[in-house]
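Every chain is numbered from 1, with letters handed out A, B, ... down the list of sequences.
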There are 4 protein chains.
Amino acid sequence: MSEAQREKHEAILDSAFEIFGKKGFYETKISDITEHAGIAKGTMYLYFKSKEELFLAVTRRDWEKFLRDLNFRIKHADGLMSKLQRVAEHHLEYYYERKEHGKIFFHAPNNDSELMRMMHGFLTRYMAAVKEVLEEAGMPDPDFYAKAFIGMLDRLKMDILFEGEFTRDEMALRVEQTVRLFLRGSEQELN
Amino acid sequence: MSEAQREKHEAILDSAFEIFGKKGFYETKISDITEHAGIAKGTMYLYFKSKEELFLAVTRRDWEKFLRDLNFRIKHADGLMSKLQRVAEHHLEYYYERKEHGKIFFHAPNNDSELMRMMHGFLTRYMAAVKEVLEEAGMPDPDFYAKAFIGMLDRLKMDILFEGEFTRDEMALRVEQTVRLFLRGSEQELN
Amino acid sequence: MSEAQREKHEAILDSAFEIFGKKGFYETKISDITEHAGIAKGTMYLYFKSKEELFLAVTRRDWEKFLRDLNFRIKHADGLMSKLQRVAEHHLEYYYERKEHGKIFFHAPNNDSELMRMMHGFLTRYMAAVKEVLEEAGMPDPDFYAKAFIGMLDRLKMDILFEGEFTRDEMALRVEQTVRLFLRGSEQELN
Amino acid sequence: MSEAQREKHEAILDSAFEIFGKKGFYETKISDITEHAGIAKGTMYLYFKSKEELFLAVTRRDWEKFLRDLNFRIKHADGLMSKLQRVAEHHLEYYYERKEHGKIFFHAPNNDSELMRMMHGFLTRYMAAVKEVLEEAGMPDPDFYAKAFIGMLDRLKMDILFEGEFTRDEMALRVEQTVRLFLRGSEQELN
DNA sequence: GATGAATGAGCATTCATTCAT
DNA sequence: CATGAATGAATGCTCATTCAT
């Protein structure tokens, strides 16, 4: 693949990310994507076999970046609390940056088993990264705790995606609170 | 509406719940639903204005029942821990019973703002119920804690929906662990 | 199927015969057929599963009638020569009536094995009918002779299909000549 | 046109003959042909104006060779029977060699009037050659007899194209039978 | 009220042809 | 001369919705 082709490949992915993110898989027309990318409809089919495959590629690229950045952040932090804070920041920032593309998280094609497999694979890798952090700190049942931690974070994404007024400062506060809750529990707050 | 009509109305909702749950909104045909319900295609339009509206009604009914049962359970429990356990049980059992209908949670119609509003309303009411429990116990920032608790629970639903081998006993264990984590934190586990 | 439906079914076949016959399979659009039939595009799909299947049905109907009429004519003739004349008349008249629909004989869908099987079946039944006539008269190697006779007839169809000026009288002449050639050979004509 | 170009021209025709023959006109893609020929898609358009024109050229080349060889064979035979045998051999051998390319005879482009004209021209020339043979022998109505003879031969091609087990020996037998039938008629076979 | 036949807008995908390199 | 990336017109088929019976 030439340089120009690599660029077009990326441009299609960018455009698809944009449109799929805004409208979801089913409400997006191939022509929406190609028009937005400034190319002809047929051109998309030179780079991707089908609408499904394009969606898959968009999702894969996005997740791979997520995991790459996550691992980078974890590696450059010290101690359990600090590492968990990096994870939380990364998780929330990820959604924060995708505020406008919330649809992509909810409306994948329904019966695409390859997509399901892929998503499962990513979730597993995400969890494994968190699990490793917990194991290092000597925490028992790290599977469960990793899931619970990610769950807390994921619920918070709803605020980000659906509440317009969420600021970066509030996000930082949420990160801190979440990590503290995870480590110390809520009971400490009671008198 | 006569009794016979009320029954048909329910039968359509039952059938729609079944099929939407298995295939998701977009992959479900009206004829799938009406055939499964044993009625003619046109009949559905006597009871619901459109496919979207039917989906909305299905979702609404399901959530209303969820909230009704939740409040009943909370009312009949005493003390913070006990109430939180009832919430956790209810949340997980809800998904457990809907194992086979996982699609309904992910594939709603994409651009239906009324649905978004409705879902937001239900989430708010769910959170309010949990929040009340926390407030009663004197917990500060109950908004945040409620979200985090629900988040932990929600993440666990993934195991239920995607792992075939999840048993009721494991579920009970998860409930206990989750409540303990929420109240005491994970650090207690470290030596 | 109701009476009205049976009529629509026939109307679609009639229209398809007309258009496929004029343009051939590939150059015919479903919308050509349905417009000509005065119905909506989707309606065709209530009666036939696909364009291929419609073509198959058109061809089958045409051939079945051909064989039905052929057998009727043969049954009502006496003696070898007379029966062969009926066959020849029938063969040529068939094409004569379809002058305007020549395309249907040449441009079937290419890779439809079911169509190939069907056509082979019809040819076999046609040949069997002629073969029976020859066997009755005590002719040896009737397979070969049946094929040769049909071949002579089939070649003459070209004149009908491609020469505008072919009259019914010329056709009658051809019938007589062909039967005489088949029975007596051409050498008799030499002095 | 240089030598190299002439070679490429031929190569494209060879490849087109191969692919058109196997799949028919409509199911053949230009890319099928150029890939098989080992050249780029655009190159084909340097040698032929369009897909139709390429098909025309392929057909023309094939038929010209057919007629050239036919006339050669006729010229080198003596007497009516011998000449007719050469014609029959040639006709059947032609199809025998094209067993695998049957599609080319049936699936020409549908609305190409130039192709129709060309085919008509070739048939006329074929018939003229046979007619000449018959005229030489003093046969009356040679037009009709020529058509009938070619018709018998043409019907036999079906056996070749559609029956896998047809051998060269059987072909020789068919040639003899056909010529005898043509000259003496079938009645001679009856007792 | 109930039916289900009919409608037709809508869309993914293909592929002959062009043209900049 | 040769290439092959890009184009975009063209079309089979689906399915939510309507409405005459």
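Residue A/Lys49 is out of contact with every strand shown, counting any heavy-atom pair closer than 4.0 Å. Here D/Lys41 lies in heavy-atom contact (under 4.0 Å) with a base.
Within the 3.5 Å criterion, the main-chain N or O of D/Ala57 finds no donor-acceptor partner in the side chain of D/Arg61. At least one donor-acceptor pair closer than 3.5 Å links the side chain of A/Ser15 to the backbone N or O of A/Ile33.
Nearest-nucleotide assignment on DNA chain F puts the 5′-proximal partner with A/Ile39, out of B/Ile30 and A/Ile39. Comparing A/Ser31 and C/Leu46 against DNA chain E, the residue whose closest nucleotide sits nearer the 5' end is C/Leu46.
Checking E/dT17, E/dG4, E/dT13 against every side-chain atom of A/Glu52, the shortest atom distance belongs to E/dT13. Among the nucleotides F/dT17, F/dC13, E/dG1, the one closest to any side-chain atom of C/Lys51 is F/dC13. The side chain of B/Ser50 lies closest to F/dT17, out of F/dG8, F/dT17, F/dG12.
For D/Glu53 and E/dA16, the CD to P distance is 16 Å, given to the nearest whole Å. Rounded to an integer number of Å, the gap from CE of C/Met44 to C1' of E/dG8 is 16 Å. For the pair C/Phe55 CZ and F/dG12 P, the computed distance is 14 Å after rounding to whole Å. The CZ atom of C/Phe25 sits 13 Å away from the P atom of F/dT11 (whole-angstrom rounding). Per the geometry, NZ belonging to D/Lys23 stands 13 Å off C1' belonging to E/dC15, to the nearest Å. Atom CD1 in B/Ile12 sits about 12 Å away from atom C1' in E/dG1, given to the nearest Å. Spacing between atom CD1 of B/Ile19 and atom P of F/dC15 amounts to 14 Å, rounded to whole angstrom units.
A cation-pi contact, defined as under 6.0 Å to the ring centre and within 45° of the axis, links D/Lys51 to D/Phe25.
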* Using Watson-Crick or G-U wobble pairs with both distances under 3.5 Å, give me DNA chain E in dot-bracket, 5' to 3', with [ ] for crossers and | for pairs to another strand. => .||||||||||||||||||||
Short N/O separations, protein against nucleotides 19-21 of chain E, under 3.5 angstrom:
none

* To do: May I have the step-by-step check of side chain to side chain donor-acceptor pair (under 3.5 Å) for C/Ser2 and C/Gln5, ending in yes or no?
  => CA-CA 5 Å; C/Ser2 75; C/Gln5 274 171 294; 3.3 Å; yes
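Using the six-membered ring where Trp is involved, A/Phe55 and A/Phe20 have ring planes that are perpendicular, over 60° apart on the 30 and 60° scheme.
Taking all atoms of both residues into account, the shortest heavy-atom contact from C/Ile12 to C/Met44 is CD1-CA, 4.2 Å.
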